[in-house]
Amino acid sequence: MTEERKLGKAINRLKESGVRITPQRHAVLEFLLTSKSHPTADEIYKALKDKFPNMSVATVYNNLRVLRKIGLVRELTYGDDSSRFDCNMTEHYHIICNDCGKIEDFHYPILDEVESLAEQVTGFEVSHHRMELYGKCKACQQFEIQKH
Ligand SMILES: [Zn+2]
Ligand SMILES: [Zn+2]
């Protein structure tokens with residue numbers, strides 16, 4: 001699906017849930033859809049502040065909260081850094097750079113059997129699982145090489 005179609009679909013979803021579509025909300029959503037970097041609220045704010053001089057980081061947070069509530073955005077909490085936001089709502093895993101904190105999508109068949117096995121073994125009713133991978137991204141590897 002193209003970015004434009006994704007944005008159109010997301011806007012429709014907003015309309016259906018009765019959420020007012022302010023220009024800022026629209027811009028936050030558009031930024032998330034086009035950026036593949038899983039930005040923090042602060043990064044979104046910095047990217048949009050020239051366009052919306054009256055906008056604050058708190059406004060960005062508020063917008064993200066609204067988008068998250070209606071299922072258009074998910075909040076990622078890894079480590080104790082500030083939350084990052086992802087509008088790719090399909091199931092996928094993340095790989096995180098230990099050096100620069102970059103998060104990339106990693107597509108791998110979702111490990112459903114882990115959940116059913118855990119249920120069998122523990123008697124729990126499993127709601128979800130999370131797995132993330134850590135390492136050093138390509139850019140940071142390059143940087144290492146250049147340093148020497
Ligand atoms: Zn890195
Ligand atoms: Zn992602």
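Numbering of ligands and ligand atoms starts at 1, following listing order.
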Practice item. Rounded to the nearest 10 degrees, what's the angle SG of Cys97 makes with SG of Cys137 at the Zn ion (ligand 1)? Could you check? Key: 110°
Check your understanding: At their closest point, which heavy atom of Cys137 faces which heavy atom of Cys97, and how far apart are they?
Key -> N-SG, 3.3 Å
Review point. What heavy-atom pair brings Lys136 and Asp99 nearest, and what distance separates the two atoms?
Key: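 Reported closest heavy-atom pair: CE-OD2, 3.3 Å.
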Exercise for review: Mind running side-chain contact (heavy atoms from CB on, under 4.5 Å) on Thr77 and Arg130 for me, showing each step along the way?
Suggested key: CA-CA 11 Å; Thr77 47; Arg130 57 186 259 184; 3.8 Å; yes
Point to revise | the Zn ion (ligand 2) - name of the N/O/S atom of His92 that sits closest to it | key: NE2
Check your understanding: Taking the Zn ion (ligand 2) as the vertex, how big is the angle to OD2 in Asp86 and NE2 in His38, rounded to 10°?
Key -> 100°
Point to revise | At the Zn ion (ligand 2): angle between Asp105 atom OD1 and His94 atom NE2, to 10 degrees | key: 100°
Practice item. Look at Glu104 together with Lys102 and state whether they make a salt bridge at an N to O cut-off of under 4.0 Å. Key: yes
